[in-house]
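Structure, as structure tokens:
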Amino acid sequence: MTTQVFKIPDSLRKDVKYSFCPGCDHGVAVRLVAEVLDELNLKEKAILAASIGCSVTIYDFLNVDSIESPHGRAMAEATGVKRARPDKFVFTYQGDGDFASIGLAESLHAALRGEKISAICINNTTYGMTGGQLGPTTLLGQVTTTSPTGRNLEYYGYPIKIAEHIALCEGTAFSARVSLDTVANIRKAKEAIKKAFEVQIKGLGFGFVEILSTCPTNWKMTPDQAHERVRNEMMKTFVPGIYKDITNNKQAVLV
Amino acid sequence: MTQCLAEKKVLTKGNYAIAQAAILAGCECYFGYPITPQSEIGEFMSGKMQELNRAYVSAESELAAINMVIGACSTGAKAMTSSSSCAVSLMQEALSYATSDQLPVVLVSVMRGGPGLGNIYPSQGDYFQATKGGGNGDYKLIVLAPSTVQECADLTYKAFYLAHKYKNPTVLLADGLLGQMMEPVEFKDYTYPEIDNSSWALTGAKGRDGRVIRSYAPLAEDQCVFLEKLYQKYKTIEENETEWEEIGTEDADILFISFGSTSRNVKTAVKMCREKGIKAGMLRPITLYPFPNKRIKELSEKVKKVITVEVNMGQMINDVKLAVNGKVPVELINKPVGAPPAPEEILLKVEDLI
């Protein structure tokens with residue numbers, strides 16, 4: 001007798017053309033979100049506020065009700081959905097540019113208000129969809145199409161550490177940074193997503209996960225090289241970990 | 001102001017009348033950011049909505065406020081925001097999205113002086129902003145223009161109805177004068193039919209595939225098909241919802257066209273003209289989109305001159321000229337910003353113009 005040990009999550013649409021670049025971590029992240037939606041039995045009560053950037057196509061993959069938000073405004077739209085329908089499960093899926101540059105005000109204020117919303121933010125240190133420009137998370141020294149000699153302080157200032165900032169908001173119930181570079185880390189990422197979803201279900205506050213991801217196309221790397229970069233370069237500035245978890249008595253501290 | 005809920009007829013400001021009417025129309029969610037001369041709307045809503053256990057958020061910006069409205073509307077809820085001029089400028093991107101998403105957004109826009117920060121005096125300088133839009137792409141907003149505090153209430157009801165009936169953002173375009181002015185208002189029962197949103201609203205994908213409310217149309221062909229359909233809807237709106245008021249147009253030689261608070265002085269000027277033997281009449285568009293261009297065209301066959309009276313540098317006059325199409329001269333009596341030109345002032349200028 002055979003036992004099924006692996007299947008396409010019910011929360012993923014079937015027969016959809018895969019549109020992310022080869023080796024991009026978006027595919028893994030979307031699958032993890034779908035698995036958690038399945039496991040927490042949320043598909044039928046979930047409403048997604050999608051965003052602008054490579055993340056926009058998430059509604060082509062997730063088989064849940066979705067509203068597409070203007071660039072940076074996903075957290076405002078999610079707030080509107082949740083306040084109108086508090087019984088629904090409301091979440092966003094955004095890139096770092098959407099969440100932490102053009103949408104930083106919406107993100108911080110949603111966390112400060114303690115909105116019962118869960119947010120997933122993909123950090124790949126660049127604007128992927130537009131061809132690899134400097135974004136809010138671009139590392140110091142990183143070459144992009146708009147930092148041709150590398151990010152320097154004089155012209156560009158510092159990258160933002162998103163998970164730490166969100167953890168400092170008092171309305172945040174859970175904030176973590178995870179990565180998808182190894183199987184072990186993918187498992188941890190899924191646990192973090194689950195936690196960020198559960199704090200909403202329990203009505204505890206804002207749930208947030210920043211996912212360190214690859215952009216092999218714009219980084220001009222193979223998928224393996226890209227994951228090496230996540231480990232060797234990104235994690236030095238963006239240290240993975242749980243920055244706040246009120247269910248586990250872990251509070252953010254100012255350092 | 002809180003007496004509004006208890007009593008049917010009250011003496012109140014336009015801003016309170018709008019807020020109270022929104023409550024009575026069944027507005028479930030208010031999201032806003034303060035700006036003079038409409039801050040009373042948010043103040044009133046903050047108390048009442050919480051008292052009624054409805055949604056209220058003091059948004060971090062107008063960008064956030066209008067997008068919260070979009071989020072709420074995507075679930076089929078009755079939701080609104082209110083703002084003014086320079087801050088309505090911040091909402092233009094979202095209004096463009098909301099027309100493409102076909103969502104029943106209600107925006108109350110209480111005009112003040114501009115451009116830029118301008119001032120808090122009354123103005124009609126946002127006629128273009130409301131009717132032509134500052135957002136990208138081809139779209140229309142339904143625009144209702146009250147001229148009395150009573151109409152502020154009545155047209156707020158209508159704004160919710162039309163927004164939901166046509167799934168199109170609808171603007172109640174008032175001005176600082178109406179917002180701040182006190183008049184008696186009778187709050188009638190909300191008798192418009194409730195619109196069934198169940199075929200499109202986001203409710204969770206229970207027993208069906210997930211719905212997507214989106215404007216992203218990567219293929220040009222898809223966008224063409226969508227826009228043709230959208231403009232069919234606008235044609236229906238134009239055929240069914242154009243509303244205006246006329247006085248003295250049966251035998252008029254001079255046809256005034258004026259909207260909002262300004263039209264009240266024009267109404268008096270029509271009387272004064274007639275006392276002086278000048279056969280004047282007035283058409284007051286109540287819907288600025290759809291604009292009563294067919295009726296203006298008909299009247300332009302009978303009158304000798306058309307004069308628009310506006311508190312701006314001449315905005316609606318452009319739509320009037322298109323409707324008149326060169327049949328008769330179209331003149332402008334205007335004031336750039338502030339209280340509308342007095343009836344006496346209008347009369348003097350008419351005597352100059354004829």
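Naming: A, B, ... by sequence-line order, numbering from 1 per chain.
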Min side-chain heavy-atom separation [X]-[Y] under 4.5 Å:
{"X": "A:R113", "Y": "B:E60", "result": "yes"}
{"X": "B:T75", "Y": "A:K88", "result": "no"}
{"X": "B:L202", "Y": "A:V81", "result": "no"}
{"X": "B:N67", "Y": "A:P70", "result": "yes"}

**OP:** Sequence neighbours left out, what passes side chain to side chain contact (heavy atoms under 4.5 Å, CB included) with A:A176? Give chain and number order.
**Re:**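 A:A176: side chain to side chain contact (heavy atoms under 4.5 Å, CB included) contacts with A:F174, A:A192, A:I242.
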With a 4.5 angstrom heavy-atom cut-off, is it the side chain or the backbone of [X] that approaches chain B, or both, or neither?
{"X": "A:K45", "result": "backbone"}
{"X": "A:I52", "result": "side chain"}
{"X": "A:I47", "result": "side chain"}
{"X": "A:V90", "result": "neither"}
{"X": "A:A49", "result": "neither"}
{"X": "A:D60", "result": "side chain"}

**OP:** Please report the shortest heavy-atom distance between B:A64 and A:A76, naming the atom on each side.
**Re:**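 That would be O-CB, 3.6 Å.
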**OP:** For residues B:E93 and A:H71, report the shortest heavy-atom separation together with the two atoms involved.
**Re:**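 For B:E93 versus A:H71, the nearest heavy atoms are OE2-N, 4.3 Å.
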For atom [atom1] of [X], decide whether the heavy atoms of other residues, nucleotides or ligands shown that lie under 6.0 angstrom number more than 12.
{"X": "A:I246", "atom1": "CD1", "answer": "yes"}
{"X": "B:Y161", "atom1": "OH", "answer": "yes"}
{"X": "B:K233", "atom1": "NZ", "answer": "yes"}

Please classify the contact of [X] with chain A as side chain, backbone, both or neither, using a heavy-atom distance under 4.5 Å.
{"X": "B:A77", "answer": "both"}
{"X": "B:A201", "answer": "backbone"}
{"X": "B:Y97", "answer": "side chain"}
{"X": "B:R208", "answer": "both"}

Subject >> Salt-bridge present (B:E28, A:R83; N to O < 4.0 Å) >> reply: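 Salt bridge flag = no for A:R83 with B:E28.
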Ignoring hydrogens and geometry, is there a side-chain-to-backbone donor-acceptor pair from [X] to [Y] under 3.5 Å?
{"X": "A:N63", "Y": "B:G210", "answer": "yes"}
{"X": "A:D65", "Y": "B:T203", "answer": "yes"}
{"X": "A:E68", "Y": "B:S215", "answer": "yes"}

Subject >> Option in A:E106, A:R85, A:K82 with maximal non-hydrogen atom pairs under 4.5 Å from chain B >> reply: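 Top option by heavy-atom pairs under 4.5 Å: A:R85.
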